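Input: a single structure, listed below in C-alpha cells.
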Amino acid sequence: MPDFWTRTLVPTLRQAPGDAEVPSHQLMLRAGLIHKLGSGSYGYLPLGLRSLEKVCRIIREEMHAAGAAEVVTPCLQPIDLWERTGRRAAYGENLFVVEDRHGRTSALGPTAEEVITDLVGHCIKSYKDLPKCVYQIQTKFRDEFRPRFGVLRSREFLMTDGYSFHTHIEGPGGIDEEYENQYAAYERIFNRCGLDYVVVDAETGEMGGRASHQFTVLTPVGEDTIFSSDKGNYAANLEKAGTGTRPHDFAGEPTGEIEKVHTPDCPGIDDVQTFFKKQLGTKLKPQNMLKTIVCCMTAADDDPDPTQAKNPWYLLAVVRGDHEVNDEKLKAVAEAFLGEGARAGMAPEKLATADGFKLGFVGPHAAVGRDDTVVAVDPDAAQGGFWVTGANEVDHHIKHFNWQRDLIDADGRAAPGSGAAGTQTYTVYAEAYPRSAYADAHLWPEHAPPPDVDTSNDTSQPNPKRLVCMDLRNAIDGDPSPLNDGGTLKAARGIEVGQVFKLGRKYTEGLGVTVTGENNEPITPLMGCYGIGVNRVLAAAIESQGEKNQGHDESGIIWPVAIAPYAVCITPIAWDDDSQVADVCKNLAAKIADAGYDVIIDDRDERPGVKFKDADLVGFPLRITVGDKGLSGDTATVELKARDGRNGPKGEAVPLQDAVKIAVELLNA
RNA sequence: CGGGGUGUAGCUCAGCUUGGUAGAGCGCUUCGUUCGGGACGAAGAGGUCGCAUGUUCAAAUCAUGUCACCCCGACCA
C-alpha cells in the first residue's frame with residue numbers, strides 16, 4: 001500500500017510566517033515539515049519526521065558498524081550528578097532545572113556525560129570490560145538565552161550522543177583509536193546524508209579534554225565562524241584558529257611626546273573613537289588604538305578565584321583596537337607562565353580597581369614597576385607607529401604610546417642590558433605560538449613544545465620574561481595559516497552538525513568511576529564523547545548551497561535522496577480512484593517500493609500546477625508525472641523529473657515499461 | 001541579560017498618528033465553468049483586534065502594566 005498525500009498531513013504554505021528569516025526555517029515551515037509551538041520548540045509533522053527518522057537510521061547503522069551499542073538514558077537527571085562534576089555551575093542558566101512535588105531537584109538533560117558515566121560505571125568492573133562505546137539518540141533540553149533560526153538553535157532538540165571508555169590512550173583499545181573510529185563513522189554518516197561539510201579543529205569548551213573536531217556545513221546563516229587555509233590543509237573554528245607568524249617590532253621610534261587627552265566617560269574603543277571625532281575633530285581608527293584587558297592568571301593547583309588564590313598574577317592582554325582577545329589564547333599565555341592547566345580570565349572588577357587599575361583607561365604601561373603583572377601583546381599590537389591607549393588615569397587616554405620608551409625602558413626590570421635600538425632585549429616566547437601544541441601534540445608534530453618558563457616570583461632580579469609577544473587574538477580573514485606554509489586563512493560561516501571530543505577523566509573522576517587493573521590497582525577510565533545535532537542535519541542539508549549540494553532554490557527544498565521524506569513523488573494528473581491513471585500510479589509505486597525506495601502518490605483533487613509546486617516545495621528528489629496524455633499514445637509513457645535539475649531528467653517522457661528501471665537508476669546514482 | 005521591534009481571520013498584512021464598534025490578498029466552504037506549472041466567476045464561513053487595568057458617552061486606536069514572539073549583541077548541538 002503506497003502512501004497517499006490525502007492520508008498524511010502536509011500543510012504547505014504559500015507564504016512563510018513572518019518570524020522565520022533563514023531559508024531552512026522558512027522552507028521547513030512552508031513545506032509542512034515542522035510546526036512551532038513556542039520559542040525554540042518545534043513539532044515534527046509526518047514529512048519532517050520521516051526525514052528525521054532517516055537520519056536516525058543512518059546514524060544507527062553507522063554506529064552499529066562502528067561497534068557502538070545503543071542505550072537510552074532518562075532526560076530527567078538528578079541534579080546531584082551535575083553538582084558532583086561541577087557542571088551545574090558551569091552550565092549555569094542553560095540548564096533546565098525542575099523541582100518535583102517533594103522538592104527534589106532534577107535537570108532536564110542538555111547532554112548526558114554524567115548519566116552515561118554513571119550508567120556505564122555501574123556496568124564495568126575490570127579493565128577487561130574496556131573499551132566500551134555506547135550511544136543514544138535522545139531529546140535534549142537547553143534553556144538557550146536566545147533560541148533562533150528555527151530548529152538550528154532550539155530549546156529542545158534531538159541529539160545523538162556517544163561515549164567511549166578506555167584504560168589507555170594509544171594503541172589497540174585506546175581512546176585515540178576509538179576517536180579515529182568515531183571520526184570515520186561521522187564522515188560516513190554525513191556523507192550518506194549528502195552534506196557538504198568540512199572538519200575543523202575545535203576547542204573543547206565546557207567539555208574539557210584534549211582534542212576535538214567539529215563537522216561543519218558551510219553556509220552564510222551559520223552561527224560558527226571557521227577559518228580554513230587556502231592550501232586546504234588546515235581548518236579551525238574561531239575559538240581555536242591559530243595564526244601563522246606575524247612580524248612584530250617593539251623597537252619602533254616614538255611618533256611624538258606622550259600627550260594626555262581628557263576623554264570623559266569613554267572607557268571603550270568605540271567611545272574613544274567617537275569622542276575624538278566629535279569633540280576633537282580628529283579621525284582616530286581603532287587599529288591605531290591599543291586595547292588592554294586586565295586579566296588574572298592562576299595556576300592549576302591554585303584557587304581559580306583570583307580573590308581567593310594564593311599566588312594570582314595580573315595579565316595585561318594587549319591587542320589592537322579592532323581585534324578581539326581570544327580566551328583560549330589567553331589561557332595559553334597563562335599556561336606558558338604558570339604551567340599546564342593554568343587559567344586566565346577577566347580580572348574581577350573590584351580586585352583590579354583595588355589594585356590600582358583604572359578599568360577602561362588601562363594602558364600597557366600600567367605594568368611598569370609592578371611585580372605581579374605580565375604583559376602579553378599580540379604581534380599586531382607589538383608594533384611601532386602611532387598608538388592611542390589608556391592613560392592609567394580615569395577619563396584619560398594618551399597619544400604616541402611607544403613600546404620601547406614607555407614600557408620596556410620605563411620598566412628597568414624588563415630590559416636588562418638594553419642597548420642599541422632595535423635589539424630585542426625582551427623575550428619573545430613564541431610569536432603566534434600554535435595553541436594546538438598544548439592541546440594535542442600529535443596533531444602538530446612540526447611544532448616544538450612550549451619553551452621553559454621562568455615562573456619564579458623573585459622580583460629582586462630583572463625578569464625579562466614578563467613581556468611576551470604571542471598570538472592573542474581571534475583570527476581574521478586573511479591571516480597567515482598557523483602551519484606557516486604560505487597559506488592564507490579564509491573566514492566562512494558554518495553550522496556545526498557534529499563534534500567529537502577526547503574528554504579525558506573529568507567525568508569518571510568526578511563521579512568516582514574506576515575499574516580494577518591487571519595488578520588490582522584502580523584505574524579511572526578515559527572517556528571520548530561524540531555528538532550529532534540530528535535536527536541540524538536536516539536544516540543544514542536544506543541550508544547548504546555548496547558546489548556539490550544545493551539544498552534549496554527559489555522553488556523550495558532539494559533533498560538528498562537518502563534523507564528526503566519520500567524519494568519519489570508520483571503526480572497523477574486528474575486523480576480518480578478507479579481510473580487507468582490511478583492503476584498506473586499504484587503499480588509504479590509498488591515496483592519502486594520493491595526496489596527499496598519510498599513513494600508518495602499525490603492523489604489530491606488539485607490542479608496539476610498546484611501539485612507540481614507543492615512537490616517542488618517539499619523537494620522530493622524524483623517526480624513521476626502520470627497523465628492520460630502519456631497513457632493514451634501508442635506506447636504508454638510517463639514523465640520523470642529530477643528535483644535538482646542540474647543533473648537528471650527535466651520532465652522527459654519515458655516508456656512506462658522502463659520507468660521504474662530508469663527511476664531506480666537515477667536514485668541509485 | 002542589554003538594545004531594537006511586533007502582537008488585528010489559518011498565512012501575509014492594512015487600519016492606530018487625528019478614538020465612532022473590523023478590512024484586503026492568499027487559504028477555507030458551496031455551486032458552476034475549468035483542469036499538463038499555484039485557474040475563473042458567483043455566493044459564503046471565519047476575528048471578545050495578545051491579556052489586564054485605566055481615561056472616555058465611546059478604545060484595535062490613547063495611557064499604564066503584563067504576557068508572548070522576532071531581530072541585533074554576549075553564550076552554544
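Both backbone and side-chain heavy atoms feed into the values below; hydrogens, waters and symmetry mates do not. Chain identifiers are assigned alphabetically (A, B, ...) following the order of the sequence lines, protein sequences preceding nucleic acid strands; residue numbering begins at 1 within each chain. Predicted, not measured: the structure shown is a model, and the values here were computed from it.
- Separating the P atom of B:A60 from that of B:U53 is a span of 14 Å, rounded to the nearest Å.
- For A:Ser39 and B:C70, the shortest distance from a side-chain N or O to OP1 or OP2 is below 4.0 Å.
- Few gaps surround CD on A:Glu223; more than 12 heavy atoms of other groups in view lie less than 6.0 Å from it.
- Nucleotide B:G25 is matched to B:C11 when pairs are restricted to Watson-Crick or G-U wobble geometry with both distances under 3.5 angstrom.
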Q: Let me have a per-nucleotide readout for nucleotides 4-14 of chain B, 5' to 3', with B, S or -, counting only protein heavy atoms under 4.0 Å.
A: -------BSS-
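- Ring stacking is absent between A:Phe145 and B:C75, as the pair misses the limits of under 5.5 Å between centres and under 30 degrees between planes.
- Taking atom P on both nucleotides, B:C31 is separated from B:C67 by 49 Å, rounded to a whole Å.
- Rounded to a whole angstrom, the distance from the P atom of B:U48 to that of B:U64 is 27 Å.
- Taking a cutoff of 4.0 Å between a charged side-chain nitrogen and a carboxylate oxygen, A:Arg87 and A:Glu113 qualify as a salt bridge.
- The NZ atom of A:Lys502 sits 8.5 Å away from the NE2 atom of A:His213 when rounded to the nearest 0.5 Å.
- The side-chain tip of A:Arg50 points at the ring of A:Tyr566 from less than 6.0 angstrom away and within 45° of straight on.
- No side-chain donor-acceptor contact under 3.5 Å links A:Asn326 and A:Glu239.
- Comparing the same atom, C1', in B:C13 and in B:A58 gives a spacing of 27 Å after rounding to whole Å.
- Rounded to whole Å, atom C1' of B:C35 lies 14 Å from atom CG of A:Asp576.
- Separating the P atom of B:G10 from that of B:C28 is a span of 14 Å, rounded to the nearest Å.
- With RNA chain B read from its 5' end, the first of the two nearest nucleotides for A:Arg536 and A:Glu606 is the one closest to A:Glu606.
- When the P atom is compared between B:G15 and B:A52, the two are found 25 Å apart, to the nearest whole Å.
- Place A:Glu156 and A:Lys629 on RNA chain B by their nearest nucleotides, and A:Lys629 ends up nearer the 5' end.
- Side-chain N/O atoms of A:Gln77 and A:Trp82 include a donor and acceptor closer than 3.5 Å.
- Not less than 6.0 angstrom separates the ring centroid of A:Tyr91 from the ring centroid of A:Phe96.
- With B:G38, B:G37, B:C75 as the choices, the nucleotide that has an atom nearest any side-chain atom of A:Glu223 turns out to be B:C75.
- Atom C1' of B:G5 sits at a distance of 24 Å from the matching atom of B:G23, rounded to the whole Å.
- Counting to the nearest Å, the P atom of B:G73 and the CG atom of A:Leu238 are 13 Å from each other.
- The side chain of A:Phe149 lies closest to B:C71, out of B:U34, B:C71, B:G37.
- Counting non-hydrogen atoms under 4.0 angstrom, A:Ser154 reaches a base of the nucleic acid.
- The distance from atom CZ of A:Phe612 to atom P of B:A39 is 12 Å, rounded to the nearest whole Å.
- Across B:A74 and B:U66, the matching C1' atoms stand 27 Å from one another, rounded to whole Å.
- Rounded to a whole Å, the CZ atom of A:Arg607 is 12 Å from the P atom of B:G27.
- Protein atom CD of A:Glu554 is 14 Å distant from nucleotide atom C1' of B:G37, rounded to whole Å.
- Put simply, A:Arg148 has no side-chain N or O that comes within less than 4.0 Å of OP1 or OP2 on B:C69.
- The aromatic ring of A:Phe157 sits over the base of B:A77, with ring centres less than 5.5 Å apart and planes tilted by under 30°.
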Only distances under 3.5 Å count here; give the side-chain donor-acceptor pairs of residues 652-659 of chain A to other protein atoms, sequence neighbours excluded, each with its distance to 0.1 Å.
{"from": "A:Glu652", "atom 1": "OE1", "to": "A:Lys650", "atom 2": "N", "distance (Å)": "2.7"}

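- Without hydrogens or angle criteria, A:Lys329 side chain to A:Ala241 main chain gives a donor-acceptor distance under 3.5 Å.
- Checking A:Thr225 against A:Arg493 by side-chain atom types alone, a donor-acceptor pair falls below 3.5 Å.
- The residue A:Lys611 sits apart from the nucleic acid: no heavy atom pair falls under 4.0 Å.
- Counting heavy atoms of neighbouring residues, nucleotides and ligands inside a 6.0 Å radius, atom CG of A:Asn647 exceeds 12 of them.
- At the heavy-atom level, A:Thr571 lies nowhere under 4.0 Å from the strands shown.
- Both distances falling under 3.5 Å, in either a Watson-Crick or a G-U wobble arrangement, occur for no nucleotide opposite B:A45.
- You'll find that the side chain of A:Arg146 is closest to B:G73, out of B:G73, B:C70, B:A77.
- Of the nucleotides present, B:A63 is the one that pairs with B:U53 by Watson-Crick or G-U wobble criteria, both distances under 3.5 Å.
- The partner of B:U6, taking Watson-Crick or G-U wobble pairs whose two distances both stay under 3.5 Å, is B:A68.
- The residue A:Gly630 sits close to a base: some heavy atom pair falls under 4.0 Å.
- As the counterpart of B:C1, B:G73 is assigned, both hydrogen-bonding distances of the Watson-Crick or G-U wobble pattern falling under 3.5 Å.
- Using a 4.0 Å heavy-atom distance criterion, A:Arg155 is classed as making no nucleic acid contact.
- In the set B:A77, B:G37, B:A39, the nucleotide with an atom closest to the side chain of A:Gln499 is B:A77.
- Of the candidate nucleotides B:C72, B:A77, B:G37, B:G37 has the atom nearest to the side chain of A:Lys641.
- Side-chain N/O atoms of A:Tyr530 and A:Ser164 include a donor and acceptor closer than 3.5 Å.
- At whole-Å resolution of the value, CG in A:Asp605 and P in B:C31 are 12 Å apart.
- Using a 4.0 Å cut-off, no side-chain N or O of A:Arg14 falls inside it from OP1 or OP2 of B:C26.
- For the contact set between residues 20-32 of chain A and RNA chain B, defined by any heavy atom under 4.0 Å, the members are A:Glu21, A:Arg30.
- Ring geometry, A:Tyr197 versus A:Phe215: the interplanar angle falls from 30° to 60°, so the pair is classed tilted.
- Rounded to whole angstrom, the span from the OH atom of A:Tyr163 across to the P atom of B:A77 amounts to 12 Å.
- The pairing partner recorded for B:G32 is B:C40, the criterion being a Watson-Crick or G-U wobble arrangement whose two distances lie under 3.5 angstrom.
- Rounded to an integer number of Å, the gap from NE2 of A:His213 to C1' of B:A77 is 18 Å.
- In the model, A:His552 has no side-chain atom that pairs as donor or acceptor with a side-chain atom of A:Glu543 under 3.5 Å.
- Counting any heavy atom pair closer than 4.0 Å across all strands shown, A:Asp161 reaches no nucleic acid atom.
- Residue contacts for A:Asn535: at a heavy-atom cut-off of 4.0 Å it reaches no nucleic acid atom on any strand shown.
- Both distances falling under 3.5 Å, in either a Watson-Crick or a G-U wobble arrangement, occur for no nucleotide opposite B:C16.
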